[in-house]
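First up is the structure itself, then whatever we jot down about it.
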Amino acid sequence: MPYSRTRTSLSLLAGALLLSGVLAGCQRHDDSTEMSASSVASSVSGAAATTTDTASAKLQDAASDIKAAASAAADNVSDKSAVAGAKLDDAAITTKVKAALAQDAGLSTLALNVATTGGVVTLAGTVDNEAKHSEIKTVVSGVEGVTSVVDNTTVKSN
């Protein structure tokens with residue numbers, strides 16, 4: 001759409017410059033002097049050259065603006081993709097941690113909350129005893145992608 005508006009504006013500008021060149025050429029002569037065809041052609045040619053140069057400069061400016069906007073859009077998409085990728089990685093790590101805990105018969109019935117942010121796994125919930133508590137931390141730390149474990153679990157008191 002901006003290209004179409006620019007093109008329309010340039011066409012109007014070209015027409016105005018062309019008309020002003022013709023009128024300026026006509027005003028240079030007395031009413032009694034007849035204007036030659038070559039004089040009119042020369043005026044029109046000069047106005048057309050000026051219009052062409054102006055139009056060319058405007059088109060180059062528009063092309064530069066379009067390239068800059070496209071580059072900015074590409075950068076924005078790249079940034080958003082990286083954020084989405086990080087969120088998917090965290091979700092995958094959470095899934096792997098839950099699967100690893102479920103594989104261990106003694107840990108599969110535990111109701112633990114598992115959350116991951118930037119590879120850091122946070123555990124919350126209640127554990128039956130200290131042995132299971134230690135085992136949970138060992139299992140979670142061994143999952144691929146886990147950079148550290150924040151242990152907010154509590155051991156039940158008997």
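In terms of modelled atom types and a separation under 3.5 Å, the side chain of Thr95 and the main chain of Ala91 share a donor-acceptor contact. Not a single donor-acceptor pair under 3.5 Å links the side chain of Thr153 to the backbone N or O of Ala124. Using modelled atom types, no side-chain atom of Ser134 and backbone atom of Glu130 make a donor-acceptor pair closer than 3.5 Å.
Asp128 and His133 form no side-chain donor-acceptor contact under 3.5 Å, judged by distance and modelled atom types alone.
Side-chain contact between Thr117 and Thr122 is absent, with no heavy-atom pair separated by less than 4.5 Å. At least one side-chain heavy atom of Lys137 sits less than 4.5 Å from a side-chain heavy atom of Asp151. With contacts defined as side-chain heavy-atom distances shorter than 4.5 Å, the pair Leu101/Ile136 qualifies.
Between the NZ atom of Lys98 and the CD atom of Gln103 there is a distance of 15.0 Å, given to the nearest 0.5 Å. Rounded to the nearest 0.5 Å, atoms CD1 (Ile93) and OG1 (Thr147) are 7.0 Å apart. Remark: Ile66 CD1 to Ser71 OG distance equals 13.5 Å, nearest 0.5 Å.
None of Val121, Val143, Asp89 except one satisfies the side-chain contact (heavy atoms from CB on, under 4.5 Å) rule with Thr116; the exception is Val121.
Looking at every heavy atom in both residues, Thr94 comes nearest to Ala115 through OG1-C, 4.1 Å. Minimum heavy-atom separation, Gly119 to Asp90: N-OD1, 3.2 Å. The two residues Val97 and Val140 have their closest heavy-atom pair at CG1-CG2, 3.8 Å.
Open room surrounds CD on Glu144; 12 or fewer heavy atoms of other groups in view lie less than 6.0 Å from it.
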